Amino acid sequence: MIKTAGIGEALEVMKKNGLKITNQRSDMLQYLADRQDYYLPIKEIDLFLRQTYKHMSYETVYRNVQELEKISVLETRNFKNGLCVKYQCDFKNLKHCHFICEKCRRVIELKRPDLTDFQKQIPDCEINSTDFELFGVCADCLAAAV
């Protein structure tokens with residue numbers, strides 16, 4: 001049975017983009033939505049899904065992540081330990097920024113900076129897109145280190 005708590009917006013985006021809503025995809029989305037403040041290693045997602053879907057391959061998990069990232073349901077980032085995945089935190093504002101903890105991969109959503117200052121630095125150019133990420137150590141990890 002497909003669970004929809006917390007993933008309703010993602011399911012709507014999938015429908016609008018013609019992607020089939022399967023139990024595997026729904027379970028993956030729910031797992032990520034339940035941990036939406038963190039980037040999770042794709043290996044962890046694979047392990048979770050294979051506990052329920054014994055014959056599911058890593059390639060299938062990876063392909064689903066790619067398909068859901070293309071329609072902005074998931075976000076991915078490469079960290080030192082490999083590809084990590086996060087549930088979209090703001091479907092109404094896809095152009096936002098993150099602070100990402102380098103220790104625990106916790107994500108804090110930030111308001112997108114005003115591009116006026118950047119545009120002033122390059123007056124003869126046109127800015128078409130941006131991708132801002134701030135990396136550091138979150139307050140919890142700093143406190144734990146003391």
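All of these numbers come straight from a predicted model, not from anything done at the bench.
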In terms of hydrophobic clusters joined by side-chain contacts under 4.5 Å, are Leu47 and Met28 together? no
Is there a side-chain contact (heavy atoms from CB on, under 4.5 Å) between Val107 and Asp37 once you walk through the steps? CA-CA 5 Å; Val107 178; Asp37 291 338; 5.6 Å; no
As an exercise, state the distance from CD of Glu133 to CG of Leu110, rounded to the nearest 0.5 Å. 9.0 Å
N-O pairing of Arg25 and Glu67 below 4.0 Å: yes
Side-chain heavy-atom pair Leu49, Tyr31 within 4.5 angstrom cut-off: no
In this structure, would Phe135 and Leu142 fall into the same cluster of hydrophobic residues linked by side-chain contacts under 4.5 Å? no
How close do Val73 and Ala10 get, counting heavy atoms only, and between which atoms? CG1-CB, 3.6 Å
Within 6.0 angstrom of Tyr62 OH, more than 12 heavy atoms from elsewhere: no
Hey, any chance Leu68 and Ile42 share a hydrophobic cluster, counting ILVMFWY side chains that come within less than 4.5 Å of each other, even indirectly? yes
Out of the candidates Asn23, Thr22, Asp27, only one should pair with Tyr53 under the side chain to side chain donor-acceptor pair (under 3.5 Å) rule; please name it. Asp27
Taking the side chain as everything from C-beta on, heavy atoms only, tell me whether Leu134 gets closer than 4.5 Å to Cys97. no
Please check if Val13 and Ile7 belong to a single hydrophobic cluster, counting links between Ile, Leu, Val, Met, Phe, Trp and Tyr side chain heavy atoms closer than 4.5 Å. yes
Going from NE2 on His98 to OH on Tyr39, what distance comes out if it is rounded to the nearest 0.5 angstrom? 5.0 Å
Dump the intermediate steps for side-chain contact (heavy atoms from CB on, under 4.5 Å) on Tyr38 and Cys101, then the final yes or no. CA-CA 9 Å; Tyr38 294 88; Cys101 180; over 6 Å; no
Within the side chain of Asp114, is there an N or O that forms a donor-acceptor pair under 3.5 Å with the backbone of Thr116? yes
If the condition is side chain to side chain contact (heavy atoms under 4.5 Å, CB included), which residues does Asn81 pass it with, not counting sequence neighbours? Pro41, Phe79, Cys84, Arg105
Counting N and O atoms only, with roles assigned by atom type, does the side chain of Gln119 sit under 3.5 Å from a partner on the main chain of Cys125, one being a donor and the other an acceptor? yes
CD (Gln66) and CG (Leu83) are apart, to the nearest 0.5 Å, by 8.5 Å
Checking side chain to side chain contact (heavy atoms under 4.5 Å, CB included) against Lys86, which of Glu75, Arg35, Glu69 comes through? Glu75
In terms of side-chain heavy atoms, does Gln121 have a donor or acceptor partner in Asp117 at a distance below 3.5 Å? no
When you compare the side chain of Ile127 with that of Phe118, does any pair of heavy atoms fall below 4.5 Å? yes
Does Leu29 reach the side chain of Met14, with side-chain heavy atoms less than 4.5 Å apart? yes
Would you say Arg50 and Tyr58 make side-chain contact, with heavy atoms under 4.5 Å? yes
Looking at Glu12 and Lys15, is any side-chain nitrogen of the basic one under 4.0 Å from a carboxylate oxygen of the acidic one? yes
In the structure I gave you, are the side-chain heavy atoms of Leu32 and Gln36 within less than 4.5 Å of one another anywhere? no
Is any side-chain heavy atom of Gln24 less than 4.5 Å from a side-chain heavy atom of Asn64? no
Using the side-chain contact (heavy atoms from CB on, under 4.5 Å) rule, take Asp140 and Cys104 through it: C-alpha gap first, then chi angles, then the decisive distance, then the call. CA-CA 9 Å; Asp140 292 343; Cys104 70; over 6 Å; no
Within one Ile-Leu-Val-Met-Phe-Trp-Tyr cluster: Leu74 and Ile21, side-chain cutoff 4.5 Å: yes
